Chemist: 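To start, I am sharing the structure in question, which I have written as structure tokens.
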Amino acid sequence: MANQSSSSYPILCASFNQDTSCFAIGTKDGFKIFDSNTGRLCYERALLAIVGAGEEPSLSPRRLCLFNTTTGTALRELNFLTSILAVRMNKKRLVVILQDKTYVYDINSLGILDTIDTIPNLKGLCAFSPSLEGCFLALPASISKGSVLLYNVMDLHLHCEIDAHRAPLAAMALSSNGTYIATASEQGTIIRVHLVSEATKSYSFRRGTYPSTIFSLSFGPSMQLPDILVGTSSSGSVHAFSLGFSMYQRSKRSGSFLGSIIPGSVTDALDPAHHDVLHNAAPAGVKSYAVIRKVDKVADTSTSEIVACRATISIITYNGYFQEYNLSINNQNEFSWSLEREFKLLTVISDDAISS
């Protein structure tokens with residue numbers, strides 16, 4: 001765990017595991033792991049990477065500890081000259097993000113495989129796709145504009161560089177299989193989605209007119225085209241974008257006269273923003289982190305035609321809350337949100353009676 005937030009909030013960092021079945025939060029007193037389905041504390045996960053907040057010598061921000069939660073023991077430690085800003089890993093690779101360097105390790109031997117020199121990355125901004133078949137790491141490539149560098153973590157080589165925005169990057173996310181990357185700049189008004197294999201822009205969505213800080217972006221878990229992309233912002237809102245419906249609209253327009261005479265980059269800019277906003281999910285200015293845990297297709301029983309999709313979206317707010325919403329989108333692109341559960345993470349943390 002890394003990416004520490006402002007110490008004014010009780011939660012310093014938060015992350016979900018690769019299949020979003022559990023999540024971990026870090027506070028100044030330590031860390032806790034929760035079952036995403038029940039909200040109860042759980043310690044069954046085999047491996048956890050921990051970076052300290054610096055208040056205790058044993059939890060230095062320059063020290064990475066690989067922790068076995070089953071046995072309760074530390075497996076290995078890695079020490080660095082500067083603070084660790086982010087950590088990502090899958091079954092084969094461990095990636096450690098520092099301010100101006102990124103290290104790639106073999107997860108089993110902890111042998112270093114590559115060192116990537118980067119621009120100053122003060123926030124530890126990165127994105128990682130855990131799939132072994134499409135395992136990419138995304139890093140900022142410029143301090144003056146929104147360029148992103150994509151690195152193949154399994155084959156250990158630079159894949160491409162994408163100029164996504166005019167302003168520097170603020171948030172990015174890769175789909176689970178590494179097919180798509182979503183980015184937002186410090187302006188926060190436009191969300192762009194690129195196809196990684198060809199480094200080409202596929203979608204442009206307008207989040208809003210006024211600037212806002214994008215805290216997180218997350219794709220749905222689909223192994224093909226992700227159905228939904230969600231983002232959280234400093235306004236306290238959660239934005240959901242329907243990618244599947246956008247592609248359907250584009251296919252209709254591409255056969256039209258307008259689509260035939262306007263270049264693809266321009267018609268892409270004309271894509272309507274098929275999205276909806278959940279207001280006041282968090283207090284304005286409070287950092288929040290949302291993931292799409294699953295997406296189910298709803299079919300017409302008589303025709304078997306897909307008529308809607310239903311997504312489960314989990315949100316962690318750094319002032320100490322967990323929320324879970326069901327989001328339904330029908331084939332008319334109508335959105336419907338329903339809050340399924342909400343609880344205070346700090347109450348669970350302080351309750352010694354709750355355990356797995």
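Here the structure is a predicted model, which means the values were calculated and not measured.
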Chemist: Report the C-alpha distance between Val95 and Val87 in whole Å, list the side-chain angles of each, state the deciding distance to 0.1 Å, and finish with yes or no for side-chain contact (heavy atoms from CB on, under 4.5 Å).
Modeler: CA-CA 6 Å; Val95 179; Val87 178; over 6 Å; no
Chemist: Just one of Tyr289, Phe31, Phe322 clears the ring-ring contact (aromatic ring centres under 6.0 Å, His included) bar with Phe23, so which one?
Modeler: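 Of the listed options, the one satisfying the test is Phe322.
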Chemist: List for me each residue that meets salt bridge (Lys or Arg N to Asp or Glu O under 4.0 Å) alongside Lys101, sequence neighbours excluded, and say none if there are none.
Modeler: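 In terms of salt bridge (Lys or Arg N to Asp or Glu O under 4.0 Å), with neighbours along the sequence ignored, Lys101 is linked to Asp117.
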Chemist: Check side chain to side chain donor-acceptor pair (under 3.5 Å) between Tyr151 and all other residues, then give those that pass, not counting sequence neighbours.
Modeler: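 For Tyr151 the side chain to side chain donor-acceptor pair (under 3.5 Å) partners, ignoring immediate neighbours, are Asp114.
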Chemist: Under a single-linkage definition using a 4.5 Å side-chain heavy-atom cutoff for Ile, Leu, Val, Met, Phe, Trp and Tyr, are Leu327 and Val298 assigned to the same hydrophobic cluster?
Modeler: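 Looking at the clustering, Val298 is in a separate group from Leu327.
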Chemist: Near Leu195 CG, under 6.0 Å, is it more than 12 heavy atoms from other residues, nucleotides or ligands?
Modeler: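 Correct, the count exceeds 12.
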Chemist: For Asn152 and Asp155, which heavy atoms make the closest approach, and how far apart are they?
Modeler: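 Taking Asn152 first and Asp155 second, the nearest heavy atoms are OD1-N, 2.8 Å.
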Chemist: Tell me whether Arg341 at atom CZ has more than 12 heavy atoms from other residues, nucleotides or ligands lying less than 6.0 Å away.
Modeler: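 Enclosed.
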Chemist: Is a donor from one side chain sitting under 3.5 angstrom from an acceptor on the other, for Ser212 and Ser234?
Modeler: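 Present: a donor and an acceptor within the cut-off.
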Chemist: Does any donor atom in the side chain of Ser129 or Ser131 lie under 3.5 Å from an acceptor atom in the other side chain?
Modeler: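 Note: Ser129 and Ser131 side chains miss the donor-acceptor criterion.
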Chemist: Have Thr183 and His194 got a donor and an acceptor in their side chains that come within less than 3.5 Å?
Modeler: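 Judged by distance alone, the side chains do not pair up.
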Chemist: Tell me every residue that passes side chain to side chain contact (heavy atoms under 4.5 Å, CB included) with Pro168, counting only those two or more places apart in sequence or in another chain.
Modeler: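 For Pro168, the residues satisfying side chain to side chain contact (heavy atoms under 4.5 Å, CB included) (neighbours in sequence not counted) are Glu186.
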Chemist: Knowing that exactly one of Phe335, Phe219, Phe205 qualifies, which makes a ring-ring contact (aromatic ring centres under 6.0 Å, His included) with Phe241?
Modeler: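 Testing each of Phe335, Phe219, Phe205 against Phe241, the sole residue satisfying ring-ring contact (aromatic ring centres under 6.0 Å, His included) is Phe205.
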Chemist: Between His239 and His275, how do the two ring planes meet: parallel, tilted or perpendicular, split at 30° and 60°?
Modeler: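 Answer is parallel, since the angle falls under 30°.
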Chemist: Can any side-chain N or O of Arg293 pair as donor or acceptor with the backbone N or O of Thr20 at less than 3.5 Å?
Modeler: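 Side chain of Arg293 to backbone of Thr20: a pair is present.
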Chemist: If you count heavy atoms of other groups shown closer than 6.0 angstrom to CG of Asn79, is the number above 12?
Modeler: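 Atom CG in Asn79 is crowded, with more than 12 foreign heavy atoms closer than 6.0 Å.
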Chemist: So with a 6.0 Å cut-off around CG of Leu158, is the heavy-atom count from everything else above 12?
Modeler: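 Enclosed: over 12 neighbouring heavy atoms sit under 6.0 Å from CG of Leu158.
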Chemist: Mind checking whether Tyr103 and Tyr105 have parallel, tilted or perpendicular rings, split at 30° and 60°?
Modeler: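 Tilted, since the angle between the ring planes falls between 30° and 60°.
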